[in-house]
Amino acid sequence: MHDESPLGAPDVPLAPLTTLGLGGPASRLLRTSEPEVLARALDAAALAEMPVFVLGGGSNLLVSDAGFPGLVVQLAPGRLALHADGTVTADAGVAWETVVDAAVDAGLAGLECLTGIPGTVGAAPIQNIGAYGQEVADVLTGLTAWDRVAGRMVELTHADCDFGYRDSGFKRAPDRHVVLSVTLRLVPGGAPTVRYDELRRRVSERVGSEPTLAEVRREVRHLRRGKAMLLDAETLAGPDARSAGSFFTNPLLDAAAAAALPADAPRHGQPDGRVKVPAAWLIEQSGVSRGFALGPAAVSTRHTLALVNRGGARAADLLRLAAWVRRAVRRRFGVTLTPEPVFLGFPEGVEATLDAAERSLEG
Ligand SMILES: Cc1cc2nc3c(=O)[nH]c(=O)nc-3n(C[C@H](O)[C@H](O)[C@H](O)COP(=O)(O)OP(=O)(O)OC[C@H]3O[C@@H](n4cnc5c(N)ncnc54)[C@H](O)[C@@H]3O)c2cc1C
């Protein structure tokens with residue numbers, strides 16, 4: 001049915017548009033690949049004083065049970081172009097894996113470890129997606145966005161994105177830019193990145209010392225499958241199908257906090273002097289094991305960092321479990337974990353929402 005409103009369709013359930021498969025509806029949802037249609041919708045939303053949220057594939061998203069009282073815009077798939085010099089341009093609505101596939105097939109190095117990450121191109125810079133030793137900030141040279149404050153299209157450089165670990169300026173100011181397309185600079189004929197320990201071991205056992213891009217991509221997919229972090233038929237048929245990937249980021253501790261951890265804690269020194277500690281290790285050492293469940297929300301049976309909807313979970317169930325895990329780690333190590341997914345429809349904000357969920361555990 002054609003909807004004449006610039007704001008799209010009313011009262012659209014969001015749960016089916018997310019990988020966690022939970023949460024309430026959006027007041028309005030508009031799907032488009034046209035910047036002019038997007039601009040009209042943003043104007044109409046501003047006039048109606050409606051909040052706006054840009055949705056990709058919903059794979060890094062926790063939607064509240066009440067849903068979102070505003071306009072959700074989803075960018076439809078668009079163009080992908082690869083050039084002989086290694087430049088790749090892709091529209092925001094293109095599936096991220098389509099870009100990885102095309103790059104590996106064309107012999108362009110730089111994305112082979114970023115295979116198997118669900119979602120869209122437009123979301124990739126938001127949390128600076130990363131895995132197995134690569135992150136999108138390594139290859140992104142610029143992007144085109146709609147600037148909601150200026151009301152026009154803008155070209156942003158790598159420096160403008162202000163990337164950090166699973167972070168960017170976009171994540172910190174979510175109401176400013178809608179990413180429309182990104183430009184990546186890959187390396188034609190370049191060697192694959194085999195930096196991450198687990199991947200290095202696997203590649204040297206299975207492939208040898210001169211792996212191709214396709215071989216590294218294959219081994220990354222194998223490792224991801226083992227952790228139910230690849231949404232293929234096997235994972236989708238199992239108990240860990242509905243997650244948002246890692247629910248917590250790996251904490252970056254200052255030297256004193258890191259020194260206070262037990263001697264056997266894994267530690268990864270960062271160039272700025274901080275120390276990254278695997279959140280999965282902290283969780284396991286706090287007595288929360290894989291498969292631990294609070295009602296229909298559970299820790300993945302394959303990966304301690306993923307919280308899953310086992311079927312019929314509400315956002316409140318997932319939050320209780322997240323609060324349980326966060327509390328266990330804080331009590332054991334004095335470290336407060338930070339959630340990775342974006343919270344939508346929680347007016348109090350992430351911390352206050354988790355604090356309230358934690359209080360409900362005690363009640
Ligand atoms: C099984 C599984 C494995 C995962 N593995 C990884 C991993 O290895 N590494 C990793 O980094 N992440 C991982 N993730 C998280 C997720 O896939 C990525 O963060 C992905 O980039 C999210 O894309 P999306 O299109 O689904 O975004 P959404 O979840 O729809 O949105 C995420 C954020 O991006 C914003 N956004 C989306 N599109 C745009 C746009 N065009 N303009 C402006 N803002 C936009 C949204 O507003 C929101 O703030 C995993 C998730 C799952 C379910």
Side-chain angles (χ1 to χ4, degrees), residues 14 17-21 23 31-33 35 38 42 51-63 68 70-78 90-100 113-137 143-148 156 161 163 165-182 196 220-221 223-225 227-232 235-236 238 240-250 300 302-303 305-309 339-344 350:
L14 290 174
L17 304 179
T18 70
T19 52
L20 267 169
R31 224 175 249 123
T32 182
S33 57
L38 170 74
L42 294 174
V52 174
F53 180 78
V54 187
L55 177 69
S59 63
N60 206 27
L61 196 59
L62 177 66
V63 180
F68 180 61
L71 167 67
V72 170
V73 179
Q74 196 175 38
L75 296 175
D91 285 349
V94 173
W96 175 254
E97 190 67 4
T98 303
V99 184
V100 177
C113 298
L114 297 178
T115 180
I117 302 178
T120 56
V121 165
I126 307 303
Q127 76 149 357
N128 180 18
I129 56 168
Y132 294 94
Q134 287 180 334
E135 55 182 21
V136 78
L143 56 78
T144 305
W146 183 266
D147 183 336
R148 290 172 55 195
L156 302 181
C161 300
F163 288 121
Y165 160 64
R166 291 302 90 76
D167 195 27
S168 70
F170 308 114
K171 197 165 178 181
R172 281 171 252 130
D175 294 330
R176 178 80 193 259
H177 292 108
V178 181
V179 176
L180 299 175
S181 70
V182 307
Y196 192 81
V220 169
R221 291 177 71 81
L223 294 173
R224 295 185 69 96
R225 189 174 292 116
K227 300 172 186 172
M229 282 290 188
L230 185 71
L231 296 183
D232 62 355
T235 302
L236 290 175
D240 303 314
R242 280 177 292 238
S243 82
S246 299
F247 198 88
F248 296 103
T249 54
N250 295 320
S300 163
R302 304 272 197 94
H303 190 32
L305 257 192
L307 305 187
V308 302
N309 168 8
E340 184 185 295
V342 172
F343 282 34
L344 179 65
V350 176

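Note that ligands are numbered from 1 as they come in the structure, with each ligand's atoms numbered from 1 the same way.
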Pairs under 3.5 angstrom, nitrogen or oxygen on both sides, ligand 1 versus protein: list them out, please.
unit_1	atom_1	unit_2	atom_2	d
ligand 1	5 (N)	R224	NH2	2.8
ligand 1	8 (O)	R224	NH1	2.9
ligand 1	8 (O)	R224	NH2	3.3
ligand 1	9 (N)	G130	O	2.8
ligand 1	11 (O)	Q127	NE2	3.1
ligand 1	11 (O)	G130	N	3.1
ligand 1	12 (N)	Q127	NE2	3.1
ligand 1	17 (O)	S59	OG	2.8
ligand 1	17 (O)	P118	O	2.9
ligand 1	19 (O)	N60	ND2	3.3
ligand 1	19 (O)	Q127	NE2	2.9
ligand 1	25 (O)	G57	N	2.7
ligand 1	25 (O)	T120	N	2.9
ligand 1	25 (O)	T120	OG1	2.7
ligand 1	26 (O)	G57	N	3.1
ligand 1	26 (O)	G58	N	3.0
ligand 1	26 (O)	S59	N	2.8
ligand 1	26 (O)	S59	OG	2.6
ligand 1	29 (O)	S59	N	3.1
ligand 1	29 (O)	N60	N	2.8
ligand 1	30 (O)	G56	N	2.7
ligand 1	30 (O)	G57	N	3.4
ligand 1	30 (O)	G58	N	2.8
ligand 1	41 (N)	V179	O	3.0
ligand 1	42 (N)	V179	N	2.8
ligand 1	47 (O)	V54	O	2.5

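Once rounded to the nearest 0.5 Å, the distance linking OG of S243 with CZ of R302 reads 12.0 Å. For the atom pair CG of L20 and CZ of R242, the computed distance is 9.5 Å after rounding to the nearest 0.5 Å. Rounding to the nearest 0.5 Å gives a distance of 13.5 Å between OH of Y196 and CD of Q134. Here the straight-line distance linking atom CG of D240 with atom NZ of K227 works out to 14.0 Å at 0.5 Å rounding.
Across R225, R224, R221, a single residue satisfies side-chain hydrogen bond (donor to acceptor under 3.5 Å, both in side chains) together with D232, and that is R225.
Partners of R31 according to the salt bridge (Lys or Arg N to Asp or Glu O under 4.0 Å) rule, which considers only residues two or more places apart in sequence or in another chain, do not exist here.
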